[in-house]
Number of protein chains: 2
Amino acid sequence: MTESPQDAPRPTGPLDGVVVVDLGQIYNAPYATLLLALAGAQVIKVEPIAGEISRTRRLVNLGAGIAFYMLNSNKQCVTLNLKDPRGQRLLTELTDRADVVVENFRPGVMKRLGVGPEVLRARNPRLIYASGSGYGQTGVYRDLPAMDLTVQAMTGVVASTGFPEETPLKSGPALSDFLGGIHLYGAITTALYRQARTGEGAVLDVAMIDSVLPALMSNIGPFVAAGIEGRTPPPERTGNRQGGLAESPYNIYPTKDGHLALVCITEQHWLGLVAVMDRPELLTDPRYATKLGRIAAMDDVDALVADWTRTQDTEQAFAGLRAAGVVCAPVRSLGDVIADPYFRARGMIRDVEVETIGTLPLMHSPLHFADSARIPLESARGLGADNEAVYGGLPGYSSDLLETYRAEGVI
Amino acid sequence: MTESPQDAPRPTGPLDGVVVVDLGQIYNAPYATLLLALAGAQVIKVEPIAGEISRTRRLVNLGAGIAFYMLNSNKQCVTLNLKDPRGQRLLTELTDRADVVVENFRPGVMKRLGVGPEVLRARNPRLIYASGSGYGQTGVYRDLPAMDLTVQAMTGVVASTGFPEETPLKSGPALSDFLGGIHLYGAITTALYRQARTGEGAVLDVAMIDSVLPALMSNIGPFVAAGIEGRTPPPERTGNRQGGLAESPYNIYPTKDGHLALVCITEQHWLGLVAVMDRPELLTDPRYATKLGRIAAMDDVDALVADWTRTQDTEQAFAGLRAAGVVCAPVRSLGDVIADPYFRARGMIRDVEVETIGTLPLMHSPLHFADSARIPLESARGLGADNEAVYGGLPGYSSDLLETYRAEGVI
């Protein structure tokens, strides 16, 4: 028997067979469950009857609505009214058959709906009950509403971004949401490993505020050291200079047509830079002879690098410095980034036609298994598109009953 | 037999029994292996004879050196000369008995040393070979040296941080390193799950550039939408305003003694803010009657909120707005963050005495298993402190042979 291409087996993922009930909304939990789906898990996205809050954003603002499509590929989509007891029961019947349930409502919401961890795990002790939140399920900030901006403020991200003596700034990307989401993913897969080994379930409580903190280690270090050494702490934000002001050159420099990020850590980097700038006299200048000297003369070093970069085209300078082994990169615009063929060659971005919107650059998983083919990327499904397939597979839910549930706003 | 407290069982972790050989350096891979260790895995940190590059930083600059202690808790520390064939052989004997090997050298280094994935996995097919890198093991940027700043530049983080028409800025935290590190962790635990189920190993290739990209979805969305709708794209950076300029008020506002991040998404948030500001006349002002109106009058709305915040103490305004249900947070300094009792109550920070340095706020894992006790945090061990324990456990490595290896610079 010959195998035609369409009969070729669908690539399998490392999480094949894992069943996830996904109550996630906005960015945090949906990012975790996107990665679960792209690793092969069956993810059942459960939305309120009107759709998850970010599904309908496109109707008001397409720009804000596109993230929904980037975050919800490869999930099954069902609707469910969790305020109706019949809806709550349906949820428990789904989680009875699942390995994982994920939610990122405000802490306490699930319990009030009668579907908290105690209830669901009493029915299914293998269940991994995973909660994502801004400020954790315990502690003094538990009930504080969280958004990416406010978590950035609370964790020191804002304090450490921007120029000293000027307004503190948020980081452009939604890093609290996504650091929270990927840590939630890591907690879930860790619990899945134990579940596979021992059959145990787990209750996971992953907070954005905790997830952001480690990324500030290199900012916290100089502050703690100053305390130990009895010195005034260094400025919390240093513009584009190294956080501890302990490297030079290290900055973002203006070019003829943009900006270039450039760093010299080793002596070789500095020699490479001097050669590309064609300034051999700097090598005999005692001020720049050592790294400590270059750090002490940071303003002068930045000025002489910028004097050169201002005369250069960004991509041309990048190519020359790259060949000389200097650590550098162009400051790319979002347009440059999305168009970069690198991401397509690597399978990280796929251009997918999304109904009624157009072609969107959807993202695949950064968790790249180099020895397996990537799972095909499938665009987010319509609201309730999988109601029949998912609920109809549960015992006792006939088409007629589901029709009644639909008519009565349960699904 | 009674059990005295010191005989109480040590808390176990979900990854108990997993053995990891860790060749990680600096931030990226060491963060992944820190989380593995804090989840119960046995992590053997393999360092060059002179110590990992970040271990010795404290001798030059304590501030830059503290991150080493924050990243290397709960690992065993051995030294190994990978340029010596006897060292390479020792590494293979370690990985023969391991579940995971992790490295973040420049792509190609491990292969040149004769310990690439093909070699190690031919000996141990269950082995998960995990590589972290700036730009991936494949693709056009593979050989480009990567640092957090340059990856931020390449991915659009810099382009999207700062004020429009002003210098683009890096994000304060080392987000490329840490997003890369936690995605590497997620890939490893995903592969461990499959290994537990099927016995298969894996080759993992996790790049910082891929790991940062999803966090920019909310910035990329408005850009892509403008293309679809034939409009000029919105500014790439919007200071502290919402990325798509689609919310108002949404900003960081000056107070008497600092700054406050404040966001109104719903009508309730706006009503709460107006009540706390005691400006009831705003409710009857047609310019501010709807969210679309407030967005259109963004400059005026920001000015009137700032007029109020400038008269307020940060923590007092935070308390009042919090009680009224408005999404807000103080812009906390790094000092405030590290001192916050929240992190200690939650077990995320433990103050640990580190020999010859002093008390350091070490971090535990954001992957919080709510139904288990946290593993005790143990400060980073000395260079080669576990050589005898680790190598002595391999067949054929007597104390005499290890003494010879030490004398000849193999370990």
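Note on naming: letters A, B, ... go to the chains in the order of the sequence lines (proteins, then strands), and numbering restarts at 1 for each one.
Using a 4.5 Å cut-off between heavy atoms, A/Phe318 touches chain B through its side chain atoms alone. When heavy atoms are compared at a cutoff of 4.5 Å, A/Phe223 approaches chain B solely by way of its side chain, counted from C-beta outward. Proximity to chain A (any heavy atom under 4.5 Å) is shown, for B/Thr198, by neither the backbone nor the side chain. B/Glu200 does not touch chain A: none of its heavy atoms, backbone or side chain, sits under 4.5 Å away. For B/Arg237, no part lies under 4.5 angstrom from a heavy atom of chain A. In this structure, the portions of A/Ala174 lying under 4.5 Å from any heavy atom of chain B include both its backbone and its side chain. Both the backbone and the side chain of A/Val203 have a heavy atom closer than 4.5 Å to some heavy atom of chain B. Proximity to chain A involves both the backbone and the side chain of B/Ile209, based on heavy atoms less than 4.5 angstrom apart. Proximity to chain B is absent for every atom of A/Ser131, based on heavy atoms less than 4.5 angstrom apart. Residue B/Pro254 does not touch chain A at all, counting heavy-atom pairs closer than 4.5 Å. Residue A/Leu260: no heavy atom, backbone or side chain, is found under 4.5 Å from chain B. Heavy-atom distances place no part of A/Val60 under 4.5 Å from chain B, backbone and side chain included. Heavy atoms of B/Tyr185 lying under 4.5 Å from chain A belong exclusively to its side chain. Contact annotation for B/Val326: only backbone heavy atoms (N, CA, C, O) come within less than 4.5 Å of a heavy atom of chain A. Contacts between A/His259 and chain B at a heavy-atom distance below 4.5 Å involve the side chain alone, from C-beta outward. Contacts of A/Arg346 with chain B are made by side-chain atoms alone, with heavy-atom separations under 4.5 Å and no backbone atom involved. Only the side chain of A/Met363 comes within contact range of chain B, judged by heavy atoms closer than 4.5 Å. Both the backbone and the side chain of A/Ile357 come within contact range of chain B, each with at least one heavy atom under 4.5 Å from a heavy atom of that chain. Neither the backbone nor the side chain of A/Pro341 comes within contact range of chain B, judged by heavy atoms closer than 4.5 Å. For a residue to count as touching a neighbouring chain, one of its non-hydrogen atoms must lie under 4.5 Å from one of that chain's; by this rule A/Ile228 touches chain B with the side chain only. Contacts between B/Ile252 and chain A at a heavy-atom distance below 4.5 Å involve the side chain alone, from C-beta outward. For B/Asp340, the part sitting under 4.5 Å from any heavy atom of chain A is the side chain, from C-beta outward, and nothing else. Using a 4.5 Å cut-off between heavy atoms, A/Ile338 touches chain B through its side chain atoms alone. Heavy atoms closer than 4.5 Å to chain A are found in the side chain of B/Phe343, but not in its backbone. Only the side chain of B/Ser372 comes within less than 4.5 Å of a heavy atom in chain A; its backbone stays farther off.
Chain A forms the most heavy-atom pairs under 4.5 Å with one residue out of B/Val157, B/Ile66, B/Val140, B/Thr190, and that residue is B/Thr190. Comparing B/Gly17, B/Gly335, B/Ala345 by how many heavy-atom pairs each has under 4.5 Å with chain A, the most go to B/Gly335. Counting heavy-atom pairs closer than 4.5 Å to chain A, the top residue among B/Leu35, B/Leu169, B/Asp16 is B/Leu169. Residue with the most contacts toward chain A among B/Ile182, B/Leu62, B/Val158, B/Val327: B/Ile182 (heavy-atom pairs, distance under 4.5 Å). In terms of non-hydrogen atom pairs under 4.5 Å with chain A, the most contact-rich of B/Val206, B/Thr138, B/Asn219, B/Leu216 is B/Asn219. Between chain A and the residues B/Ala39, B/Pro330, B/Gly358, the most heavy-atom pairs under 4.5 angstrom are made by B/Pro330. Heavy-atom pairs under 4.5 Å with chain B peak, among A/Ser333, A/Pro361, A/Gly162, A/Gly139, at A/Ser333. For the set A/Gly244, A/Pro233, A/Pro117, A/Ser218, the entry with the most heavy-atom pairs within less than 4.5 Å of chain B is A/Ser218.
When all heavy atoms of B/Ser171 and A/Ser171 are compared, the closest pair comes out as OG-OG, 2.8 Å. Contact record, A/Ala187 with B/Phe369: O-CZ, 3.9 Å, taken as the closest heavy-atom pair. In plain terms, the two heavy atoms of B/Val337 and A/Met154 that are nearest each other are CG2-O, 3.5 Å. In plain terms, the two heavy atoms of A/Leu179 and A/Ala215 that are nearest each other are CD1-CB, 4.3 Å. Taking both residues in full, the closest heavy atoms of A/Val331 and A/Ala261 are given as CG2-N, 4.3 Å, listed atom of the first, atom of the second, then distance. Minimum interatomic distance between A/Arg194 and A/Ala202 (heavy atoms only, all atoms of both residues): NH2-CB, 3.6 Å.
The side-chain heavy atoms of A/Tyr141 and B/Arg322, taken from C-beta on, include a pair separated by under 4.5 Å. Here the side chains of A/Tyr135 and A/Thr150 are in contact, with some heavy-atom distance below 4.5 Å.
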Fill in: Test log, rule ring pair (Phe, Tyr, Trp, His ring centres under 6.0 Å), inputs A/Tyr193 and B/Tyr193
CA-CA 5 Å; A/Tyr193 173 80; B/Tyr193 173 81; 8.2 Å; no
Practice prompt. Check step by step if side chain to side chain contact (heavy atoms under 4.5 Å, CB included) holds for B/Leu204 and B/Tyr129.
Written response: CA-CA 6 Å; B/Leu204 307 176; B/Tyr129 188 105; over 6 Å; no
Discussion item. Quick one, A/Arg121 with B/Asp371, criterion salt bridge (charged side-chain N to carboxylate O under 4.0 Å, His left out). Give me CA distance, side-chain angles, the key distance, then yes/no.
Written reply: CA-CA 12 Å; A/Arg121 294 194 63 232; B/Asp371 48 358; 3.4 Å; yes
Discussion item. Let's go through A/Glu247 and A/Arg241 carefully: what are the C-alpha distance in whole Å and the side-chain angles of both, what is the deciding distance for salt bridge (charged side-chain N to carboxylate O under 4.0 Å, His left out) to 0.1 Å, and is it a yes or a no?
Written reply: CA-CA 8 Å; A/Glu247 300 289 349; A/Arg241 286 176 168 174; over 6 Å; no
Practice prompt. Carefully, step by step, assess B/Lys291 and B/Ile265 under the rule side chain to side chain contact (heavy atoms under 4.5 Å, CB included).
Written response: CA-CA 9 Å; B/Lys291 184 158 166 173; B/Ile265 302 294; 4.0 Å; yes
Discussion item. Checking B/Tyr31 against B/Asp177 for the side chain to side chain contact (heavy atoms under 4.5 Å, CB included) test, could you report, in this order, the C-alpha distance in whole Å, the side-chain angles of both residues, the deciding distance, and whether it holds?
Written reply: CA-CA 9 Å; B/Tyr31 183 56; B/Asp177 283 316; over 6 Å; no
Worksheet item: Taking it one step at a time, do A/His183 and B/Leu367 satisfy side chain to side chain contact (heavy atoms under 4.5 Å, CB included)?
Response: CA-CA 6 Å; A/His183 280 86; B/Leu367 312 185; 3.8 Å; yes
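Partners of A/Tyr69 according to the side-chain hydrogen bond (donor to acceptor under 3.5 Å, both in side chains) rule, which considers only residues two or more places apart in sequence or in another chain, are A/Arg58.
The CZ atom of B/Phe163 sits 8.5 Å away from atom CD of A/Glu166, with the distance rounded to the nearest 0.5 Å. Annotation: the span from A/Arg197 atom CZ to B/Gln195 atom CD amounts to 8.5 Å, rounded to 0.5 Å.
Judged purely by atom type and a 3.5 angstrom limit, B/Asp148 uses its side chain to pair as donor or acceptor with the backbone of B/Ser176.
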